[in-house]
Amino acid sequence: MNSARGRNTLVLLILLLIIAVLIIQFRAGSPQPERLYFNQVAEAVKKGEVTRVVVDDNNIEVIYRDGHSALSRKEPSESAVKQLMDLGVTQEQLSPGNLQLEIKQPSDWNTVLSLVTYLLPGLLVVGLIFLMLRQAQGSNNQALSFGKSRARMFTGDQPTVTFEDVAGVEEAKEELQEVVEFLKEPEKFITLGARIPKGVLLIGTPGTGKTLLAKAVSGEAGVPFFSISGSEFVEMFVGVGASRVRDLFDQAKRHSPCIVFVDEIDAVGRQRGAGLGGSHDEREQTLNQMLVEMDGFDTDTNVIIMAATNRPDVLDPALLRPGRFDRRVVLDRPDMHGREMILRVHVKGKPLEPEVQLEVIAKATPGFVGADLENLVNEAAILAARRNKRMIGQDEFQESIERVIAGPERKSRLISAEEKKIIAYHEAGHAVVMHVIPEADPVHKVSIIARGLMGGFTMALPSEERTLMARNKLKADMAGLLGGRAAEELVFNDITSGASNDLDRVTKMARAMVTRLGMSRGLGPMVYGQKEELIFLGREISEQRDYSEHVAEKIDDEVRLLVQEAYERAEEILSSYRGQLDNVAQALIELETIDRDKFERLFTEQVDPKNSGTPVPVAMAGPV
C-alpha cells in the first residue's frame, strides 16, 4: 500500500512539472518585447529617445518616449550607470530631468525562478525516465510475485480468540495446550530432549470449530499466525504451488516462533498417483514441496504447522507419518454438556430473559455442532428483534431450533379441512407410537404447520446422550416412523403419499441393521458388502458386493420382515390407544401445535368410547 501511495505521489509531481513547462512555453510563445544590445540602449539614451530605464538584476527594461518598450541585458559584474558612461553617455543625459533611472534590489526568488526555468526540462526528462524504470520494475515484481505465498498473517500481540472462546472440545484443548506451552517455553521441552509435534492435524465434521481452535492456539501463545487455504497453493502453471509453499515456510522461519494454519488441506494433500498428470501434476508437485519443507525444519525452529480437514481418508500417507503431521486431534460433535457450554459462549453480550434455560436448549439440539449453535443463537436474536423485544426469550430459542432443523413456518400454505385432518392424524400417529414404546425418545413437540418441505412434524428428543444404538431402540424408531402411515390406514381406510420420507428412512435403517450392524437373526452377526464412504460425511461412494444372489435375496427378506414387524407394531399400538390418537389429532386440528406437557395431558384424558374408532373417509392428500 505504501509503495502504491509513493508511486501516485511521483506521478502527481511529474504532472505538475509538465504543467509548469507548458505554462513557461506558453509564456515564451506569447508576443515578447524588442531585444536590444546594450550599446543600442546607450545610443538611444544619447539621442534622448528614452524616458525611463528599469534595472532588475542583469535585465534592463527600456521605455521610449512613444510608449513602447524593449529589453536588454548588462554585464553581470558592472553597474548599469557605469556601463552606460563607458559607452559615451554623459552625466547630464543620466540626470533625472532627462532620464528616470530605476534600479530594483536583487531578489532571491528571481534567481530561483531563473534556475528552475533552466533546470525544469532536465528534471522533467529525469522524472519520466525514473517513472518508466519504476513501472518496469513493478511489472517485473508482479510477475515474480505470482509464486509468492498468499498467506494472511495475524500478529499475536492482540489476540481476538483464546481458549475461553472455544467450548465443547475440552479434550482437544488439552491436546493443544502442549503446543501452546512449547511456543511459550520451548527450553522446558528441549532440555529434556523432547520434540514437540511439528504438525497437528485437526479432524472433524464441518462446523466443529477446527479453524476457531487453531486461532485460539495462536491467541494463547501470543505468536504470529499465518492462515492460508489449501486451494490457494494450486494454480494452473506447474511449479507455482511449490514456489508458494517455499515462500510460506520462509516467512514462517523469519517470524519464528509462529503457527502456520492450512485450512482444507485435503485440497492439496490428496494421495499421489491418483491424478492424470503423473509426476508433473501441479498438485503433486505442491504436495512434494510441502513434504520436504515439513520434514526439513531444524529442531530449534519453533514453527508449528496446523491443518484442518474433514476428509482424512484421502490424505497422502507420507503427510501423516511421524515427523510431519504426527499428532491428530479429532473434534467430534459435542454432547449435551458441551452444547450448553458452547451456547454460553455465544450468548455473551446478548440480553436474555431470566427464564431462558440454556440446558433445555442444549438438550433439544442433539447432533448440533458449534456452527449450528452459533446460527441458532443468531436466529433467536433476529426473531426477538423482529418481534420488537428488548431481550431474547425461550420462545425465540425454541422457534430458532425449528427454523434451523426444518426451515421457517409456511403459515400462508392453504390446505383443505380434509387434508388438515389427514396431517393431524398422521403426526398424532407418530407421537402416540413414540410415547407408548419405552425405548423411543420422548415426544417434545407436535405440529401440523408446514415447515420447509414438511407438511407437519413430530419432534422427539432423547432424554440422554447416546453413543451406542441398541436393536430395540432402532426397532422403536422404525415403529415410530411408521406410526403416521399406520394412523392414516387405521382412521381413513386409505393411505397417502405423506409417508414417503418416513418409508425411506425406515428402509435404510432396516437394511443397515441387516447388512452393517449384524442385527438380523436369520443372517447372523456378519457384514455384507464392502462400502466406500466419505468419512465424517456419511455418504456412500460405491459398494462392492461380496455375497451371492441367494444371500441378496435373504437380505431383502430380512429387511422386509423388520419393516413389516415395525408396521404391525405401530398398528397394534394405535388400535389399543385409539382414543388418545383422536384426542391428539383433534387438538392439533384446533391448536395446530402442542408441546410436551399438553401432549401428555391429552394422552391421559378419559376417552369417550362412543366417539372413538369411527373411520372418517376423506379424499387423498399430498405429501406430509
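Index from 1, following the sequence. For clarity, every value in this text was computed on a predicted model and none was experimentally measured. All values below were derived from every heavy atom in this structure, side-chain atoms included, with hydrogens, water molecules and symmetry-related copies excluded.
What you find for Ala479 and Ile437 is that their closest heavy atoms are CB-CD1, 3.7 Å. The two residues Leu319 and Gly269 come nearest to each other via the heavy atoms CD2-CA, 4.1 Å. The nearest pair of heavy atoms linking Val369 to Pro206 is CG2-O, 3.7 Å. Contact detail for Thr365 and Ala362: the closest heavy-atom pair is OG1-O, 3.1 Å.
The shortest side-chain heavy-atom distance between Glu565 and Arg569 does not fall under the 4.5 Å cut-off. Under the 4.5 Å side-chain criterion, counting only non-hydrogen atoms from C-beta, Cys258 is not in contact with Phe225. Residues Val563 and Met478 meet the side-chain proximity criterion, which asks for heavy atoms closer than 4.5 Å. Side-chain contact between Val377 and Leu343: present, with at least one pair of heavy atoms (C-beta onward) separated by less than 4.5 Å. Contact of the Leu376 side chain with the Phe368 side chain is registered, since non-hydrogen atoms from C-beta on lie closer than 4.5 Å. Using a 4.5 Å cut-off on side-chain heavy atoms (C-beta onward), Lys350 and Met391 make no contact.
Checked for salt-bridge contact, Glu379 and Arg403 meet the test: a charged N lies under 4.0 Å from a carboxylate O. Salt-bridge annotation for Arg596 and Glu600: present, with a side-chain N of the basic residue lying under 4.0 Å from a carboxylate O of the acidic one. For Arg387 and Asp395, the salt-bridge test fails: no basic side-chain N is under 4.0 Å from an acidic carboxylate O. A salt bridge links Lys389 with Glu396; the closest basic N to acidic carboxylate O contact falls under 4.0 Å.
Although no hydrogens or angles enter the test, the distance criterion places a donor-acceptor pair under 3.5 Å between the side chain of Arg324 and the main chain of Leu291. When atom types are taken as modelled, the side chain of His255 and the backbone of Gln251 share a donor-acceptor pair closer than 3.5 angstrom. Judged by distance alone, with hydrogens and angles left aside, the side-chain atoms of Arg339 form a donor-acceptor pair with the main-chain N or O of Pro334 at under 3.5 Å. Remark: side-chain polar atoms of Arg327 are paired, donor with acceptor, to backbone N or O of Glu175 under 3.5 angstrom. In this structure a side-chain-to-backbone donor-acceptor pair under 3.5 Å is missing from Tyr528 to Val551. Although no hydrogens or angles enter the test, the distance criterion places a donor-acceptor pair under 3.5 Å between the side chain of Lys210 and the main chain of Thr205. Without hydrogens or angle criteria, Arg333 side chain to Gly367 main chain gives a donor-acceptor distance under 3.5 Å.
Outside the 6.0 Å centre-distance limit, the rings of His444 and Phe599 are not counted as a close aromatic pair.
Legend: residues meeting salt bridge (Lys or Arg N to Asp or Glu O under 4.0 Å) with Glu340, ordered by chain and number and at least two apart, are Arg344. When the side-chain contact (heavy atoms from CB on, under 4.5 Å) test is applied to Gln394, the partners found at least two apart in sequence or on another chain are Val356, Gln357, Val360, Ile361. Partners of Asp250 according to the salt bridge (Lys or Arg N to Asp or Glu O under 4.0 Å) rule, which considers only residues two or more places apart in sequence or in another chain, do not exist here. In this structure, the side-chain contact (heavy atoms from CB on, under 4.5 Å) partners of Lys598, at least two apart in sequence or on a different chain, are Leu591, Ile594, Asp595, Arg601, Leu602. With sequence neighbours left out, the side-chain contact (heavy atoms from CB on, under 4.5 Å) criterion links Asn378 to Ile382. Here Asp335 pairs with His337, Glu465 under the side-chain contact (heavy atoms from CB on, under 4.5 Å) rule; sequence neighbours left out.
Around NZ of Lys188, the count of heavy atoms belonging to other residues, nucleotides or ligands within 6.0 Å exceeds 12. Heavy-atom neighbours of Arg505 CZ from other residues, nucleotides or ligands within 6.0 Å: at or below the threshold of 12.
Among Leu202, Val166, Ile304, the one residue that satisfies the side chain to side chain contact (heavy atoms under 4.5 Å, CB included) test with Leu176 is Leu202.
A donor and an acceptor atom, one from each side chain of Thr309 and Asp266, are located under 3.5 Å apart.
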Subject >> Criterion salt bridge (Lys or Arg N to Asp or Glu O under 4.0 Å) on Asp477 and Lys475, from CA distance to verdict >> reply: CA-CA 5 Å; Asp477 291 343; Lys475 288 186 174 182; over 6 Å; no
